[in-house]
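To find a chain, count down the sequence lines: A is the first, B the second, and so on, and within it residues start at 1.
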Number of protein chains: 2
Amino acid sequence: MKTTDRAATIKDVARAVGLSVATVSRAITNPKLLNAETLMRVRAAIDNLGYRPNVTAQNLKLSKTGLVMVVVPSLSPFFLEFFRGAEQAARETGYSVLVGHTDRDPAREARFLSQVNSRRADGIVLVTSADQKALLAEGRCLPPLVLALDVTTGGQFASVRVDHVAAAAQATTYLLGLGHRRIAHIAGARASAMTVHRLEGYRMALSEYGLSVDPALLQQGAFTVESGEHAMEQLLALDSPPTAVFAANDEMAIGAIRAIRRAGLSVPQDVSLIGFDDQRVARIYDPPLTTMRIPTYEIGYRSMLELAGLLGGKPQEADIVLPCQLVVRQSAAAVAAAAPA
Amino acid sequence: MKTTDRAATIKDVARAVGLSVATVSRAITNPKLLNAETLMRVRAAIDNLGYRPNVTAQNLKLSKTGLVMVVVPSLSPFFLEFFRGAEQAARETGYSVLVGHTDRDPAREARFLSQVNSRRADGIVLVTSADQKALLAEGRCLPPLVLALDVTTGGQFASVRVDHVAAAAQATTYLLGLGHRRIAHIAGARASAMTVHRLEGYRMALSEYGLSVDPALLQQGAFTVESGEHAMEQLLALDSPPTAVFAANDEMAIGAIRAIRRAGLSVPQDVSLIGFDDQRVARIYDPPLTTMRIPTYEIGYRSMLELAGLLGGKPQEADIVLPCQLVVRQSAAAVAAAAPA
DNA sequence: TTGTACGCGTTATCAT
DNA sequence: ATGATAACGCGTACAA
């Protein structure tokens, strides 16, 4: 084992065994083409020199990187789950993943796209926060791309998502079914398409019951515990507070619970709450959250699989819509018969 | 804007403006060397053709990738925080990060090391779960490497960590200070060095008070809510259960709380609990967890900065130890004066 | 200020 | 079964 400062290259191996680089290359990529004896000698030399093929050189030659970007709006537990799915699929298909987050900044989003155009990666799984029309307009030529979790325009790109509108409507309807009529909504981050869609579902469900949205019951949040807490404080300060709240994600629901408790009230006796996403914390919180389960992991997994398919040459332009599921736990209950005087 | 199927290369640009590739290259890397007028023409052509330098080719030429691996045992909220720090520092220093997780499997750990040796990335920030002696022994030549969060051998590698033993001792001492004497410990995942160190701290603190570890009060966990729950069930089934529990992380502490509640007892009235890490959930849980804060984000951040320094040529071999901090909230209280008969 | 030409480490084609 | 050699796309001496 010769100890030099620079790493051994294929040439070093070739020289060591007195063969050509072509032979050494074949010993790695296509061993059966070699004479058994020479193969052994080559392998010995490789081992001896500690030779490792230079991935960059391979990439240049083969014009691919074996890398994919996975870009999410923020590094939160919610997207962590998504990422786990994507990473799993990436490993299964032989890719490594480069992770990026945009903080919901379209400029940073564009930067990631541009990186892929520079061949930093072979393709990209994108959970975009903004409108995709912008993408479509701006990008002169877009890299292999699959949109995940939520899409605003249909059919233009491969995508894996859920129907946020329908899911939000179902969540709201559940509350309506429990007899609630003054139902508030704590909306998500302003820049997010999910926010719009979940609000839309809320609106739809109400209107099915002949109700319209009371602006006082509509609070802007930001998908954080703190924002949920603050929003709930506003709601509790109302002359006639809601009997139930639909929070656009679990973290805000938890924030709301905290505010409710601080006001000396309890969940679900005084106020019913329904969350969204079914994050891990929803199950372990006290009370366990009734929430709308989004198959986050699966979305990540399928997205990456789609991308791998795309990169594998299949010209698929699928729009996969995965089902959500209401998870009934203990944060929402039937509306109280009457307020005790 | 000529629309071809393959991406434009530097040659295409050169041909388009009737200049040499060298000039085009300079237009990008060192614009001031160019005649102002030619520079404009080159830029126009670049824009027009949508030319983007091929990162792979650049990498090969410059023999670096601009990539770093960040490898953690698992993709959990705890390591997410670590990762955020690392990612932030990576962006500040111009690197992109390739994320890997090992599921505490040494084989997978080795695989990541080997990837870096193949020049998939320039260096690696590693939160190893296993003993580093193995690393040191096996790796013929290790890539630029910094060890994070916990290290078993001192001084061999650059590292950024906390003193888990001291921190665990401090946590246990806090419980002792509250008057508790029957203090249980729910340990972490078996394969983790952190587990050993935190247990050691527990042991040390007890012995300072002239106590020794009661094997019945020592439960094996796995850093998960479920494992904490299960461990606590065992403890509650004891003839004389503990009055306080030191859980090796917050998730297990929460699991323990759940088990305690299910048994009809309450925290901290019947059993005091202290967690470890100060994960986000610790603050929002009910009751808010008393816990030992580990500067996870900072560790990630500093680790990546170390690595960037290493890659920048500075031959530093630092061992940075960051401080922990006890965060007193509401899950631990003074021991009850006497058990009501 | 711009051009020529070599090399980075591979893979793959075409000979032998 | 093995060897010579031309790309892959770029940066950078060195020359002009």
Which residues pass the salt bridge (charged side-chain N to carboxylate O under 4.0 Å, His left out) test with [X], not counting sequence neighbours?
{"X": "Arg91(A)", "value": "Glu87(A)"}
{"X": "Asp122(A)", "value": "none"}
{"X": "Arg41(B)", "value": "none"}
{"X": "Arg52(B)", "value": "none"}

Set of side chain to side chain contact (heavy atoms under 4.5 Å, CB included) partners for [X], sequence neighbours left out:
{"X": "Arg302(A)", "value": "Val160(A), Ile320(A), Leu322(A)"}
{"X": "Pro144(B)", "value": "Leu307(B), Leu310(B), Leu311(B)"}
{"X": "Leu60(B)", "value": "Thr56(A), Ala57(A), Leu60(A)"}
{"X": "Ala22(B)", "value": "Ser20(B), Arg26(B)"}

Terminal helix-axis angle for the helix from dT1(C)-dA16(D) to dT16(C)-dA1(D), with five pairs defining each axis and rounding to 10 degrees | 40°
Is there any protein nitrogen or oxygen under 3.5 Å from a nitrogen or oxygen in nucleotides 2-6 of chain C, and what are the pairs?
from   : atom 1 : to       : atom 2 : distance (Å)
dT2(C) : OP1    : Thr38(B) : OG1    : 3.0
dT2(C) : OP2    : Asn35(B) : N      : 3.0
dT2(C) : OP2    : Thr38(B) : OG1    : 3.0
dG3(C) : OP2    : Ser20(B) : N      : 2.9
dG3(C) : OP2    : Ser20(B) : OG     : 3.2
dG3(C) : OP2    : Thr23(B) : OG1    : 2.6
dG3(C) : N7     : Arg26(B) : NH2    : 2.8
dG3(C) : O6     : Arg26(B) : NH1    : 3.2

Walk along DNA chain D from 5' to 3' and tell me the first and last nucleotide with an atom closer than 4.0 Å to a non-hydrogen atom of chain B.
-> dG9(D) to dA13(D)
With sequence neighbours excluded, give me every salt bridge (Lys or Arg N to Asp or Glu O under 4.0 Å) pair touching residues 14-25 of chain A.
-> Asp12(A)-Arg15(A)
Would you indicate what Leu62(A) reaches in the nucleic acid, counting non-hydrogen atoms under 4.0 angstrom: base, sugar-phosphate, or nothing?
-> sugar-phosphate
Is the Tyr301(A) ring parallel, tilted or perpendicular to the Tyr297(A) ring (thresholds 30°, 60°)?
-> parallel
